[in-house]
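Read through the structure below, which is laid out as structure tokens, and then see the notes.
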Amino acid sequence: MQLIKRRIIYSILLIVGFAWIFVSADKSGASTSGKIPAPQQGFLAPDFELKTPTGESVKLFDLRGQVVLVNLWATWCPPCRAEMKTIEKIYNEYKDQGLVVLAVNMTYQDDPSAIMPFVNEQGLTFPILLDETGAMASAYQLRSLPSSYFIGRDGIINEVVIGGPMAEALLRTRIEEILK
Amino acid sequence: MIDTFRSLFSPPRHLILLVAAMWVGLALAEKRAERHGISKDMLNNIAYYSILGYIIGGRALYALANFSAFMQNPLSLFSLNLDLFDPASALVTALIVGFVYGKRQKLPLWQTLDALTPFFATLAIGLSLTHLAAGTAFGSPTNIAWGMDLWNATRHPTQIYELLASLLTFGLVWFQKSDSPRGILFLSFIALTAGSRLFLEAFRGDSALIFGELRAAQIAAWIMLAIALFASESIRQRGQVH
């Protein structure tokens, strides 16, 4: 009797489970990735417009169609400093294939006078942007430095790497994957 | 409270939760190991070798899959970057290492799996906590009163659902009668985990879809549930009792 009862319960479970797959199918696009801007893999990268130390304005939205690496950093952050040379190397290798690097300095929590000496010392050639108010950090819900966002040509975040320094192989594999 | 938790264990610190879960899980499994006829040392060894296999396999197979990138900078193989890792390959390696070790030591399969069940169940709790901390495995947008603000929308708190389900699963396997046939404890854990995933996946906002609109994880969970139910039925029929 108990055997039959158990088998009936198991059968009901499997039938209800199978039906649930179809009942809960994603008919209306419940997987919202891509539609809402949010600093998370699969979402549209939140837009920002920031100035370089020379006063030029750079808007993320204007770079749609290119692969963008947004790196959030500060001069007082040792892993941020450690990964800059690698980012520069990768930028030089892949910039002709459409890679853009935006190194956003967290100026609101950094010493502004230390930024350019560091950039010159490291010989960085990609754009350095200044987040003077913390608005960009807030939009990207910054919790740790460095934080890097790999953004595809469609403006969707392909990968988020929190912490560092990033290894060369990590940068290379992620960039090559997005550039494909 | 959730915000404080997320802030405290924001990535990459969220992995501390997983390591803590492994440690607690192994201690709990050890406590019950002898009940299943497995010595504490054997249980520890199989867990440690599998974890080692997980770490080495995940990195080595990732490097093999991205051979050219690693050839240009071989030292990256030893990088502390956790993103240079293939979790699926890691899991397969861990299973193979655990299986081979078990075979060599002539450990009985079902008893070993039963002995390891508290470890797996605690790991599932740890995994749901890492999801909560990192904001991954997030829910679809909703208007429900208990919705959680995450990634610029009010969403189903799927990480909380997952945590509650894993706690319930742990409770059910931990307090299961000890006179169950061998293998039933482990299969109950698999059935409960697969069943809860099958149900809860419906509220996720990051489901991978197949055949247009079906959620791949639900199909995989249904298959796992069916296998676990059929296997437990088969074990009960054979009357494999302690």
Side-chain angles (χ1 to χ4, degrees), chain A residues 2-3 6-7 9-11 13-14 16-33 35-44 46 79 83 86 89-90 93 139 141-144 147-148 159-177, chain B residues 6-7 10-13 62-63 65-66 68-84 134-136 138-141 150-153 155 191 194-195 198-199 201-209 211-215 218-219 221-222 225-226 229-230 232-233 236-237:
Chain A
Q2 208 184 352
L3 174 82
R6 204 169 53 233
R7 284 188 178 174
I9 292 170
Y10 285 1
S11 305
L13 270 176
L14 288 175
V16 170
F18 194 71
W20 180 244
I21 293 174
F22 291 90
V23 171
S24 63
D26 188 10
K27 298 183 187 82
S28 56
S31 290
T32 55
S33 308
K35 293 177 189 164
I36 301 169
Q40 167 73 346
Q41 185 179 338
F43 286 81
L44 196 62
E83 69 184 11
T86 316
K89 183 180 174 188
I90 295 292
E93 271 183 52
Q141 298 173 21
L142 177 68
R143 288 212 165 109
S144 303
S147 289
S148 299
E159 174 92 25
V160 181
V161 176
I162 309 286
M166 285 186 287
E168 192 182 317
L170 174 65
L171 278 160
R172 209 178 282 283
T173 52
R174 298 302 194 269
I175 298 290
E176 282 179 0
E177 193 188 314
Chain B
R6 292 196 62 213
S7 175
S10 66
R13 290 190 296 273
Y62 181 89
N66 298 283
S68 65
F70 279 83
M71 274 309 284
Q72 290 177 63
N73 191 289
L75 282 178
S76 293
L77 196 61
F78 306 103
S79 160
L80 293 176
N81 278 159
L82 299 171
D83 301 271
L84 289 168
T136 48
F138 53 84
S140 54
L150 183 66
W151 307 130
N152 299 336
R155 300 176 178 280
L198 174 61
F199 178 63
E201 184 71 19
F203 307 103
R204 288 272 289 264
D206 62 342
S207 299
L209 304 179
F211 307 125
E213 56 189 32
L214 300 184
R215 296 168 198 267
Q218 279 185 319
I219 294 171
W222 188 86
L225 177 65
L229 294 182
F230 279 117
S232 64
E233 195 51 37
R236 280 185 204 278
Q237 252 186 322

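Convention: sequence-line order gives letters A, B, ...; per-chain numbering from 1.
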Is any side-chain heavy atom of [X] less than 4.5 Å from a side-chain heavy atom of [Y]?
X      : Y      : answer
A:D26  : B:R215 : yes
A:M166 : B:D83  : no
A:F18  : B:I219 : no
B:F138 : A:Q40  : yes
A:S144 : B:S10  : yes
A:E93  : B:Q72  : yes
A:Y10  : B:S232 : yes

Q. Between CD of B:E201 and CD1 of A:I21, what distance do you get to the nearest 0.5 Å?
A. 10.5 Å
Q: Enter the distance from B:Q237:CD to A:L3:CG here, rounded to the nearest 0.5 Å.
A: 6.0 Å
Q.
Counting only heavy atoms not in B:L77 (residues, nucleotides, ligands), do more than 12 fall under 6.0 Å from its CG?
A.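 Yes, the 6.0 Å shell around CG holds more than 12 heavy atoms from other groups.
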Q | Option in A:L170, A:V23, A:L13 with maximal non-hydrogen atom pairs under 4.5 Å from chain B | A |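 Maximum pair count with chain B is reached by A:L170.
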Q: Name the member of A:G163, A:G164, A:P165 that forms the most heavy-atom pairs with chain B at distances under 4.5 Å.
A: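 Looking at each option in turn, the highest pair count goes to A:P165.
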Q: Tell me, for A:Q141 versus chain B, whether the close heavy atoms (under 4.5 Å) come from the side chain, the backbone, both or neither.
A: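 Only the side chain of A:Q141 comes within 4.5 Å of chain B.
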**Q.** A:V16, part contacting chain B, at a heavy-atom distance under 4.5 Å
**A.** neither
[X] and [Y]: which non-hydrogen atoms are nearest, and at how many Å?
X      : Y      : result
B:N152 : A:A38  : ND2-CA, 3.7 Å
B:L84  : A:A169 : CD2-C, 3.9 Å
A:E176 : B:S68  : OE1-OG, 4.5 Å
B:A153 : A:I36  : CB-CD1, 4.0 Å

Q: Could you have a look at B:R6, B:R13, B:M71 and say which one has the most heavy-atom pairs with chain A under 4.5 angstrom?
A: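 Looking at each of B:R6, B:R13, B:M71 in turn, B:R6 comes out on top.
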(Q) Using modelled atom types and a 3.5 Å cut-off, is there a donor and acceptor pairing between side-chain atoms of B:W222 and backbone atoms of A:G17? (A) no
Q | Any donor-acceptor pair under 3.5 Å from B:W151 side chain to A:P39 backbone | A |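 A pair under 3.5 Å: no.
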Q) Side chain, backbone, both or neither: which part of B:L150 has a heavy atom under 4.5 Å from chain A? A)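 No part of it gets close to chain A.
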Q: Using side chain to side chain donor-acceptor pair (under 3.5 Å) as the criterion, list what pairs up with B:N73, not counting sequence neighbours.
A: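 Scan of B:N73 (side chain to side chain donor-acceptor pair (under 3.5 Å), adjacent residues dropped) gives A:E168, B:S76.
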Q: Using side chain to side chain donor-acceptor pair (under 3.5 Å) as the criterion, list what pairs up with B:Y62, not counting sequence neighbours.
A: A:T173, A:R174
Q. Please walk me through it: do B:Q218 and A:S24 pass side-chain hydrogen bond (donor to acceptor under 3.5 Å, both in side chains)?
A. CA-CA 10 Å; B:Q218 279 185 319; A:S24 63; 2.9 Å; yes
Q.
Could you check whether B:F211 and A:F22 have their ring centres less than 6.0 Å apart?
A. no
